[in-house]
Engineer: 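To start, I am sharing the structure in question, which I have written as structure tokens.
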Amino acid sequence: MQLCVGVFVATLALLLAATSTADAASPSLRHQARTVNATVLNACKSLTANSSSATETNYFGSSAFLDNSLRYMSSTVQTPACVYVPTTPEDLSKAIKIIGSQRLSFAVSSGKHASNKGFSSTTGIQISMKGFQHVNLSADKSYVDIGSGNIWDNVYAALQGTGVNIVGGRVTGVGVGGFISGGGGFSWKTNQYGLTIDTLLQADMVMPDGSLKSVTEQSDPDLFWALKGGGNRFGIVYNWRLKTNPQTDLVYGGLRTYTFDQIDSVVKAVSNFAVNNKDPKAQVLPTFNFVLGQPGVSLLAFYDGPSAPAGVFDGFDTSKGGPKPFTDAWKAQSFGDLVRATPSNATQYTRGQFMSVTFQNFSQSIIEQCVNQTKVIGAQSFLHGGSFVSYDVEPFLMTYSDNTNKGGAWPHSNSPLPLNIYFAWNGELNDDFWNEQIRETAKLLRAQAVAEGQNLDGLYLYPNYAVVDTPASELYGSENAARLQTLRQRYDPQDVMGLTTFFSFV
Ligand SMILES: Cc1cc2nc3c(=O)[nH]c(=O)nc-3n(C[C@H](O)[C@H](O)[C@H](O)COP(=O)(O)OP(=O)(O)OC[C@H]3O[C@@H](n4cnc5c(N)ncnc54)[C@H](O)[C@@H]3O)c2cc1C
Ligand SMILES: *[C@@H]1O[C@H](CO)[C@@H](O)[C@H](O)[C@H]1NC(C)=O
Ligand SMILES: *[C@@H]1O[C@H](CO)[C@@H](O)[C@H](O)[C@H]1NC(C)=O
Ligand SMILES: *[C@@H]1O[C@H](CO)[C@@H](O)[C@H](O)[C@H]1NC(C)=O
Ligand SMILES: *[C@@H]1O[C@H](CO)[C@@H](O)[C@H](O)[C@H]1NC(C)=O
Ligand SMILES: *[C@@H]1O[C@H](CO)[C@@H](O)[C@H](O)[C@H]1NC(C)=O
Ligand SMILES: *[C@@H]1O[C@H](CO)[C@@H](O)[C@H](O)[C@H]1NC(C)=O
């Protein structure tokens with residue numbers, strides 16, 4: 001039995017490695033059948049000619065161009081005419097002016113983790129923010145300036161040992177630009193300090209007309225509000241100034257995995273934690289999943305200190321009747337090491353889709369339904385190229401926003417609890433199947449919560465987990481959606497940002 005499970009986990013690692021390699025090699029194949037649009041290509045050339053020396057433009061055939069086509073989900077890959085990589089705000093401004101005046105389609109990309117095709121990929125001009133990767137801590141350590149092109153891993157590495165940290169991403173590889181602009185984000189620090197947008201002090205950006213602007217709550221309250229969830233609709237941000245919070249050198253937590261025979265016990269421990277945990281420094285993030293014909297759980301835990309006080313994670317203690325882990329790497333480590341120990345890269349470079357459902361609380365029956373869904377949908381995986389069926393249950397404190405909410409386009413004053421459903425698969429022919437399944441399963445879970453008495457009115461879907469055609473009213477509420485629409489007309493009367501893709505503000 002134990003041997004069998006060992007072989008299963010080893011096989012999983014191999015399979016995932018093989019899948020990633022295969023998909024990493026395939027962009028060159030995808031790029032073969034393409035025609036280049038001469039208008040767009042000429043714009044790339046004059047943009048390059050007018051740019052400062054450190055700014056690059058990557059064209060088809062270069063390794064930098066191929067590198068750019070690697071995206072977390074291969075289903076979002078599109079082949080751009082060129083990838084423009086500005087290193088100064090002025091160059092970024094030139095790009096938006098040429099794009100706007102010639103009405104060229106384009107995309108802005110930071111960490112390329114968006115699950116919706118077109119949000120940060122394009123067949124036109126791709127503006128990559130990877131030329132903005134500074135992490136500058138202020139002299140008094142009260143705030144950090146962070147370049148949009150960073151992944152959170154870089155930010156944690158730069159802040160390690162300074163005694164301060166920010167509210168950022170929980171797992172390896174996720175980009176700063178999309179995480180914040182999409183209304184985010186959910187962090188290991190959220191119970192204590194809210195979402196990342198609640199810690200935003202200033203955004204330095206290029207407006208749709210090419211002008212440069214530093215935006216704060218005081219300088220421009222409407223635009224500041226809109227940037228906190230309005231995505232790529234209001235311009236391109238190159239620097240985010242975030243408020244810091246205290247950080248110990250070591251934190252406690254990491255990854256545990258559980259095999260199928262332990263799932264019921266994990267469900268019990270998680271739902272007890274969801275209802276009973278009162279310590280804002282403690283957090284768990286279980287992913288109920290189905291891989292290689294077996295359901296299982298990956299459980300990430302976090303405590304904001306070098307050790308967790310007695311009692312906090314008792315429900316997960318095997319000696320106290322908790323579930324028995326298959327692998328256990330909970331330990332004291334640096335914040336950055338904990339983030340880099342997350343297993344989320346295992347499925348990157350395969351096709352995929354995210355889907356958002358938002359709850360008032362995670363009752364045991366809702367979590368049980370997530371498990372049932374992994375089994376029912378997972379059982380069909382082999383027929384449809386499926387490699388990963390997963391439900392990320394995120395039981396933050398049910399009052400996390402009470403003292404932290406600073407407003408913003410994404411409404412979160414009532415502590416919405418996100419569920420992220422994530423399916424990964426191979427083969428474009430299977431897209432329809434998985435896209436239909438993910439909508440069905442979300443509908444079923446939502447209906448069950450309502451039937452159980454949860455009031456989901458006023459709890460909106462999280463833009464960073466939501467599927468492309470989600471109506472603005474379900475993401476922002478009708479009042480915020482209407483305000484976004486008005487502000488968009490004010491700040492972008494020529495609809496330049498409409499030349500890239502995002503949710504529609506209707
Ligand atoms: C493995 C994984 C783990 C995740 N973990 C978390 C998590 O812990 N918490 C959480 O809240 N979310 C999480 N997410 C969701 C994440 O917040 C979104 O995927 C987010 O869009 C990623 O940002 P990015 O910069 O990597 O993406 P990109 O694909 O580069 O960009 C996403 C969107 O933001 C826009 N954008 C990017 N940069 C800018 C900019 N500088 N100015 C204006 N618009 C810009 C793009 O145009 C695009 O529409 C996770 C996603 C994945 C795939
Ligand atoms: C800048 O771009 C324009 C076209 O938009 C081009 O005519 C001009 O030569 C470029 N300037 C330089 C210095 O190359
Ligand atoms: C080339 O791109 C421009 C701008 O996006 C568009 O208007 C034009 O129709 C495209 N041409 C072709 C042949 O696709
Ligand atoms: C960050 O620091 C570097 C090096 O000191 C400096 O060149 C850069 O201008 C700073 N960037 C911002 C946005 O503060
Ligand atoms: C995960 O992949 C990203 C690229 O998407 C990379 O930048 C990051 O370093 C990887 N993380 C680990 C822990 O290997
Ligand atoms: C499990 O999921 C299936 C399919 O979504 C559903 O028909 C069934 O009722 C669920 N079982 C339970 C016990 O909820
Ligand atoms: C969670 O939601 C259920 C309804 O599904 C409700 O009966 C219960 O009281 C809630 N629990 C808490 C702790 O709020």
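Whatever order the structure lists them in is the order used to number ligands and atoms, beginning at 1.
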Engineer: I'd like to know if Lys97 pairs up with Asp209 as an ion pair, taking the criterion as any Lys NZ or Arg NE/NH1/NH2 lying under 4.0 Å from an Asp or Glu carboxylate oxygen.
Structural biologist: no
Engineer: Hey, is ligand 1 close enough to Phe354 that some N/O pair sits below 3.5 Å?
Structural biologist: no
Engineer: Output yes when the distance from some N or O of ligand 1 to some N or O of His113 is under 3.5 Å, and no in every other case.
Structural biologist: yes
Engineer: Check for me whether the distance between the ring centres of Phe288 and Tyr391 falls short of 6.0 Å.
Structural biologist: no
Engineer: Run the salt bridge (Lys or Arg N to Asp or Glu O under 4.0 Å) test against Arg256 and tell me which residues pass, sequence neighbours left out.
Structural biologist: Asp328
Engineer: Would you say Ala114 has any N or O atom under 3.5 Å from an N or O of ligand 1, going by distance alone?
Structural biologist: yes
Engineer: Report all protein residues having a heavy-atom distance below 4.0 Å to some atom of ligand 6; order the list by chain, then number.
Structural biologist: Gln369, Asn372, Gln373, Val376, Leu444
Engineer: Using 4.0 Å as the upper bound for N to carboxylate O, is an ion pair formed by Asp222 and Arg483?
Structural biologist: yes
Engineer: What atoms in ligand 4 come closer than 4.0 Å to a heavy atom of His134?
Structural biologist: 13 (C)
Engineer: Answer yes when Asp492 and Arg233 have at least one side-chain N-carboxylate O distance shorter than 4.0 Å, and no when they do not.
Structural biologist: no
Engineer: Among all protein heavy atoms in this structure, tell me which lies nearest to atom 4 (C) of ligand 1, with the distance rounded to 0.1 Å.
Structural biologist: Val174 CG2, 3.5 Å
Engineer: Report yes or no: do Ser109 and Gln126 form a side-chain donor-acceptor pair below 3.5 Å?
Structural biologist: yes
Engineer: Please state which protein non-hydrogen atom is closest to atom 8 (O) of ligand 1 and give its distance, to 0.1 Å?
Structural biologist: Arg170 NE, 2.8 Å
Engineer: One thing to verify: whether Arg170 and Glu394 come together as a salt bridge, which I'm taking to mean a side-chain N less than 4.0 angstrom from a carboxylate O.
Structural biologist: yes
Engineer: Holding to salt bridge (Lys or Arg N to Asp or Glu O under 4.0 Å), I want the full list of residues that pass it with Lys94, two or more places apart in sequence or in another chain.
Structural biologist: Asp91
Engineer: For atom 11 (O) of ligand 1, what is the nearest protein heavy atom, given as residue, atom name and distance?
Structural biologist: Tyr462 OH, 2.5 Å
Engineer: Tell me which protein heavy atom sits closest to atom 41 (N) of ligand 1, plus the residue, atom name and distance to 0.1 Å.
Structural biologist: Val237 O, 2.7 Å
Engineer: Looking only at N/O atoms, are Lys112 and ligand 1 under 3.5 Å apart anywhere?
Structural biologist: yes
Engineer: Are any of the N or O atoms of Phe502 closer than 3.5 Å to those of ligand 1?
Structural biologist: no
Engineer: Strictly under 6.0 Å, is that where the ring centroids of Phe186 and Tyr462 end up?
Structural biologist: yes
Engineer: Any nitrogen or oxygen of Asn232, side chain or backbone, less than 3.5 Å from one on ligand 1?
Structural biologist: yes
Engineer: So, regarding Phe119 and ligand 1 (criterion: nitrogen or oxygen to nitrogen or oxygen, under 3.5 Å), is there a contact or not?
Structural biologist: yes
Engineer: Would Phe273 and Phe362 count as a ring pair (Phe, Tyr, Trp, His ring centres under 6.0 Å) if you check the C-alpha gap in whole Å, the side-chain angles of each, and the deciding distance to 0.1 Å?
Structural biologist: CA-CA 10 Å; Phe273 181 91; Phe362 280 108; over 10 Å; no
Engineer: Which residue holds the protein heavy atom closest to atom 21 (O) of ligand 1, what is that atom called, and what is the gap in Å?
Structural biologist: Asn464 OD1, 3.3 Å
Engineer: When rounded to the nearest 0.5 angstrom, what is the spacing between CG in Leu255 and OG in Ser344?
Structural biologist: 10.5 Å
Engineer: For the CD1 atom of Ile377 and the OG atom of Ser390, what is their distance to the nearest 0.5 Å?
Structural biologist: 10.5 Å
Engineer: Under 4.0 Å from a heavy atom of Val108: give me the atoms of ligand 1 that qualify, with their elements.
Structural biologist: 39 (C), 46 (C), 47 (O)
Engineer: Under a 4.0 angstrom heavy-atom cut-off, which atoms of ligand 1 come close to Gly185?
Structural biologist: 11 (O)
Engineer: Which atoms of ligand 1 sit under 4.0 Å from any heavy atom of Ser148?
Structural biologist: 41 (N)
Engineer: Does Asp495 have any salt bridge (Lys or Arg N to Asp or Glu O under 4.0 Å) partners at least two apart in sequence or in another chain, and if so, which?
Structural biologist: Arg488
Engineer: Is the gap between the ring centers of Phe388 and Phe423 under 6.0 Å?
Structural biologist: no
Engineer: Less than 6.0 Å separating the ring centroids of Phe503 and Phe119?
Structural biologist: yes
Engineer: May I ask you to identify the nearest protein heavy atom to atom 33 (C) of ligand 1, giving residue, atom name and distance to one decimal place in Å?
Structural biologist: Gly178 CA, 4.0 Å
Engineer: Are any of the N or O atoms of Phe179 closer than 3.5 Å to those of ligand 1?
Structural biologist: yes
Engineer: Do Asp431 and Trp425 have side-chain atoms, one donor and one acceptor, less than 3.5 Å apart?
Structural biologist: yes
Engineer: Gly235 heavy atoms, cut-off 4.0 Å: which ligand 1 atoms fall inside?
Structural biologist: 43 (C)
Engineer: Out of Phe186, Tyr238, Trp240, Tyr465, whose heavy atom is nearest to atom 13 (C) of ligand 1?
Structural biologist: Tyr465
Engineer: Answer with yes or no whether Phe132 contacts ligand 1, where contact means a heavy atom under 4.0 Å from a ligand atom.
Structural biologist: no
Engineer: Given Asp304, which of Lys281, Gln283, Gln192 fulfils the side-chain hydrogen bond (donor to acceptor under 3.5 Å, both in side chains) condition?
Structural biologist: Gln192
Engineer: In ligand 4, which numbered atoms sit nearer than 4.0 Å to a non-hydrogen atom of Asn136?
Structural biologist: 1 (C), 2 (O), 3 (C), 8 (C), 10 (C), 11 (N), 12 (C), 14 (O)
Engineer: Below 3.5 angstrom, do we get any N/O pair linking Gly111 and ligand 1?
Structural biologist: yes
Engineer: Of the listed options (Ser181, Ser109, Gly168, Ser120), which comes nearest to atom 45 (C) of ligand 1 when hydrogens are ignored and any heavy atom counts?
Structural biologist: Ser181
Engineer: Given the side-chain rings of Trp410 and Tyr476, with only the six-membered ring counted for Trp, is the space between their centroids under 6.0 Å?
Structural biologist: no
Engineer: Short N/O distance, under 3.5 Å, between Ser110 and ligand 1?
Structural biologist: yes
